[in-house]
Amino acid sequence: MSKSLFRSPRGTRDILAPESTRRHQLVNRFGEIAERSGFGLLESPIFEDVSVFQRIGASTDIVTKELFEFNDKGNPPQRLALRPELTAGVCRAFAQHRPTVPWKVWYHGPQFRYERPQSGRYRQFMQVGAETLGSDDPHADVEMIGLGLSFYEAVGLRRVRLLLNSLGDVESRSAYRYALTRYLQQRSTELTEQSLATLGVNPLRVLDSKRPADQPVISEAPVMTDFLTEESAAHFQEVQDCLDGLDVSYELAPRLVRGLDYYTRTTFEFVTDSLAAAQNAVGGGGRYDGLVESLGGPSTPGIGLALGVDRTLLACEAEGVLAEVSSAVRVFVVDTVGGSQAVGLCDRLRRAGISTDRAFDRRSMKAQMKLADRSEARIAVIVGPDEQSEGVVSVRDLRSHAGQQKIPEADTVKTVKRLLSTLS
RNA sequence: GUAGCCGUAGCUCAGGGGUUAGAGCGCCGGGUUGUGGUCCCGGAGGUCGGGGGUUCAAAUCCCCUCGGCUACCCCA
């Protein structure tokens with residue numbers, strides 16, 4: 001490692017082949033499930049005007065201290081930032097294009113946060129997610145939650161729990177904020193220094209503290225759900241009723257706040273019991289009924305969710321699900337003659353839809369056979385001097401001791417196809 | 001941003017002041033001249049993360065720095 005001059009920047013990594021394939025599968029799986037529910041893929045920019053993200057919230061660490069910001073080369077330059085999450089960009093796109101509502105999109109891609117890396121936490125990380133804009137129907141909330149659950153189910157995770165809360169509308173929230181602030185101030189001597197600081201910025205987030213010393217105060221704090229307006233309470237109740245109707249189990253988590261300031265009403269989080277608490281949040285989401293408007297669009301309700309690909313994979317590993325992907329290669333061409341035969345054979349096999357690999361550099365028969373074995377191909381197609389002079393190739397089943405047969409070179413594709421279908 | 005632990009071959013790790021730094025796995029080659037998976041033999045590959053210091057002598061001790069891990073924080 002000291003030999004290479006450069007390494008991937010802090011908090012980023014190269015994801016090599018078989019793991020990258022698994023991640024790809026995970027993303028595809030999510031996409032299939034989302035499209036089955038009428039969500040269309042949205043590809044949006046990886047960077048935006050920094051103001052787009054600042055709408056996420058002034059007390060959100062993600063925008064106050066974790067943004068990768070830079071100027072472009074314009075005059076005057078535009079202040080840009082790598083996206084730290086995807087919802088803001090989706091809402092910007094909505095405000096820009098004004099699609100007919102409800103607008104249901106899904107997406108995937110990297111996001112960037114300048115923070116201290118540790119396991120399940122990177123400076124560049126992957127999420128898949130979905131948003132429904134233009135409806136505040138509780139059924140949209142339930143559909144969104146269901147989407148997340150279907151995904152975890154599809155990848156085989158069993159130890160995922162759904163935490164559910166409502167943060168209410170503006171009116172409920174300010175009443176609650178007031179009550180909570182008063183309560184926390186009364187007991188401020190019992191709070192940690194850090195929580196006191198948070199209290200000044202965003203009292204709700206004090207509830208997020210994991211510091212043991214804060215827990216007694218937090219556990220006796222007033223809960224949001226007691227402050228919901230009639231309308232918000234009814235909305236929340238409807239969400240719960242629907243979930244009950246679907247036999248979805250969930251836990252009411254009245255102190256679930258989540259770190260993004262834009263959330264209103266329904267909020268939820270998916271946590272796994274197979275990872276440590278620091279990274280047990282594998283996904284989450286909620287309503288953000290004011291976000292589009294704050295980005296200059298029409299007043300538009302919205303709900304979304306984002307699921308962490310990296311953490312989902314960690315959880316899969318911990319639970320031992322999502323089997324190893326097997327080699328895609330079925331045929332390996334061994335050519336010790338070194339002419340253009342291997343090139344032609346590979347080309348024909350591949351054009352016929354058979355995944356095929358080969359050796360390079362004129363290695364010995366033994367070396368090439370080793371590679372063939374390692375490739376996990378089922379069949380080796382061998383060309384040596386004998387075969388070449390006879391105009392044939394040898395075809396060998398690599399997983400039996402049945403020996404090998406010579407066939408006319410021209411029949412290679414036909415024979416290999418037949419063999420593959422009978423062998424496997 | 002705060003705190004603790006850790007950086008030795010591609011990977012997992014021994015060695016914890018004294019001659020040319022080791023193992024297993026992986027990789028390459030060979031085992032009588034064209035055939036893999038087992039076995040046997042051989043080989044390549046490290047300025048011991050980087051820089052500075054202490055010492056006759058540093059992978060080993062000290063400082064700084066970079067990186068990794070863990071917790072807080074934050075969140076996926």
Side-chain angles (χ1 to χ4, degrees), chain A residues 1-13 16 56-57 59-66 84-87 108-129 148 192-195 197-198 202 205-206 208-214 256-260 269-272 275-285 305-315 332 334-337 359 361 363-377 379-388 394-401 403-404:
Chain A
M1 61 185 85
S2 57
K3 264 175 74 181
S4 71
L5 204 49
F6 298 109
R7 41 171 49 199
S8 58
R10 186 164 203 197
T12 69
R13 62 225 162 106
L16 277 359
I56 295 170
S59 70
T60 304
D61 281 15
I62 289 175
V63 296
T64 56
K65 40 188 199 194
E66 296 179 0
E85 58 104 57
L86 281 160
T87 304
H108 61 92
Q111 284 143 85
F112 307 86
R113 294 180 194 172
Y114 191 85
E115 35 178 8
R116 210 101 181 223
Q118 55 183 262
S119 94
R121 194 170 92 177
Y122 306 96
R123 289 184 172 184
Q124 175 175 338
F125 62 100
M126 269 286 243
Q127 282 186 342
V128 293
T192 57
E193 212 176 303
Q194 286 144 304
S195 287
T198 313
N202 186 347
R205 293 262 292 288
V206 174
D208 257 345
S209 165
K210 286 180 196 161
R211 290 172 290 270
D214 291 325
L256 174 69
V257 179
R258 300 187 53 74
L260 274 32
E269 195 163 286
F270 299 106
V271 297
T272 173
L275 296 177
Q279 58 266 359
N280 73 349
V282 290
L305 93 180
L307 313 177
V309 173
D310 306 272
R311 285 188 189 174
T312 299
L313 238 16
L314 284 178
F332 198 96
V334 169
D335 181 351
T336 57
V337 183
D361 303 314
R363 299 237 255 151
S364 70
M365 175 72 74
K366 180 171 180 166
Q368 292 194 44
M369 286 305 290
K370 264 188 177 170
L371 292 176
D373 183 55
R374 215 180 300 154
S375 78
E376 289 175 40
I379 290 172
V381 172
I382 303 164
V383 183
D386 295 354
E387 284 87 354
Q388 189 180 44
S394 291
V395 174
R396 181 183 182 89
D397 177 359
L398 290 169
R399 280 185 239 168
S400 75
H401 300 274
Q404 62 193 49

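These numbers were taken from a predicted model, which means no experiment stands behind them. Letters go in sequence order (proteins before strands), and every chain restarts at 1.
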Could you tell me the separation between the CZ atom of A:Phe332 and the P atom of B:G37, rounded to a whole number of Å?
-> 14 Å
Non-hydrogen atoms of A:Gln111 and A:Leu86 that approach each other most closely = NE2-CD1, 3.4 Å
Syn or anti for B:G29, taking syn as within 90° of 0?
-> anti
For B:G31 and B:G36, measure between their C1' atoms and round to the nearest Å.
-> 15 Å
P spacing across the pair B:G50 / B:G67, given as an integer number of angstrom | 15 Å
Only distances under 3.5 Å count here; give the side-chain donor-acceptor pairs of residues 365-374 of chain A to other protein atoms, sequence neighbours excluded, each with its distance to 0.1 Å.
unit_1   : atom_1 : unit_2   : atom_2 : d
A:Gln368 : OE1    : A:Asp335 : N      : 3.0
A:Gln368 : NE2    : A:Asp335 : O      : 3.1
A:Gln368 : NE2    : A:Arg363 : O      : 2.8

Gap in Å between the two C1' atoms, one belonging to B:C64 and one to B:C27, rounded | 37 Å
Same-atom distance (C1') from B:G45 to B:U70, integer angstrom | 33 Å
Under 4.0 Å between any heavy atoms, over every strand shown, what does A:Lys370 touch: base, sugar-phosphate, or nothing? Just pick one.
-> sugar-phosphate
How far does the P atom of B:A44 sit from the matching atom of B:C28, given to the nearest Å?
-> 16 Å
For the residue pair A:Ser195 and A:Thr198, confirm or rule out a side-chain donor-acceptor distance under 3.5 Å.
-> no
With a 3.5 angstrom cut-off on both distances, give the Watson-Crick or G-U wobble partner of B:G46, or none if there isn't one.
-> none
How would you label the contact of A:Arg13 with the nucleic acid (heavy atoms, under 4.0 Å): base, sugar-phosphate, or nothing?
-> nothing
Assigned partner base of B:U35, Watson-Crick or wobble definition, under 3.5 Å | none
Summarise protein proximity over nucleotides 71-76 of chain B in one line of letters, 5' to 3': B for base, S for sugar-phosphate only, - for none, counting protein heavy atoms closer than 4.0 Å.
-> BBBBBB
Please work out if A:Gly403 contacts a base, only the sugar-phosphate, or nothing of the nucleic acid, heavy-atom cut-off 4.0 Å.
-> nothing
Which comes earlier along RNA chain B counting from the 5' end, the contact point of A:Arg399 or that of A:Lys366, where each point is its nearest nucleotide?
-> A:Lys366
Please examine the side chains of A:Arg13 and A:Asp310, heavy atoms only from C-beta on, and report whether any two atoms are closer than 4.5 Å.
-> yes
Taking all non-hydrogen atoms of both residues into account, name the closest pair between A:Phe112 and A:Phe125 and its distance.
-> N-CE2, 4.3 Å
When rounded to the nearest Å, what value does the distance between C1' atoms of B:G26 and B:C63 take?
-> 38 Å
Look at the side chain of A:Gln404 against the base of B:U35 and say whether a donor-acceptor pair falls under 3.5 Å; ignore hydrogens and angles.
-> yes
Side-chain donor-acceptor pair present, A:Arg123, A:Thr12, cut-off under 3.5 Å | no
What closest approach, in Å, do A:Pro84 and A:Ile62 show between heavy atoms, and which atom pair accounts for it?
-> CB-CG2, 3.3 Å
Would you indicate which nucleotide in B:C28, B:G30, B:G37 comes nearest to any side-chain atom of A:Asp373?
-> B:G37
Could you list the residues that satisfy ring-ring contact (aromatic ring centres under 6.0 Å, His included) with A:Phe332, not counting sequence neighbours?
-> none
Would you say B:C28 has OP1 or OP2 under 4.0 Å from some side-chain N or O of A:Arg374?
-> yes
Rounded interatomic separation in angstrom, taking CD from A:Glu193 and P from B:A3 | 14 Å
With sugar-phosphate meaning primed atoms plus P, OP1 and OP2, does A:Gln388 contact a base, only sugar-phosphate, or nothing at under 4.0 Å between heavy atoms?
-> nothing
Same-atom distance (C1') from B:C5 to B:G43, integer angstrom = 38 Å
Contact class for A:Ala380 vs. all strands (heavy atom < 4.0 Å): base, sugar-phosphate, or nothing?
-> nothing
In the structure shown, which nucleotide is the Watson-Crick or G-U wobble counterpart of B:G24, with both distances under 3.5 Å?
-> B:C11
Taking for A:Leu371 and for A:Leu398 the nucleotide of RNA chain B with the nearest heavy atom, the one nearer the 5' end belongs to A:Leu371
A:Asn280 and A:Thr272: side chain donor to acceptor below 3.5 Å | no
For B:C56, which nucleotide in any strand shown is its Watson-Crick or wobble partner with both distances under 3.5 Å?
-> B:G18
Same-atom distance (P) from B:U19 to B:A58, integer angstrom | 11 Å
Write down the distance between CZ (A:Arg363) and C1' (B:G36), rounded to a whole number of angstrom.
-> 13 Å
Could you check which nucleotide pairs with B:G1 in any of the strands shown, counting Watson-Crick or G-U wobble with both distances under 3.5 Å?
-> B:C72
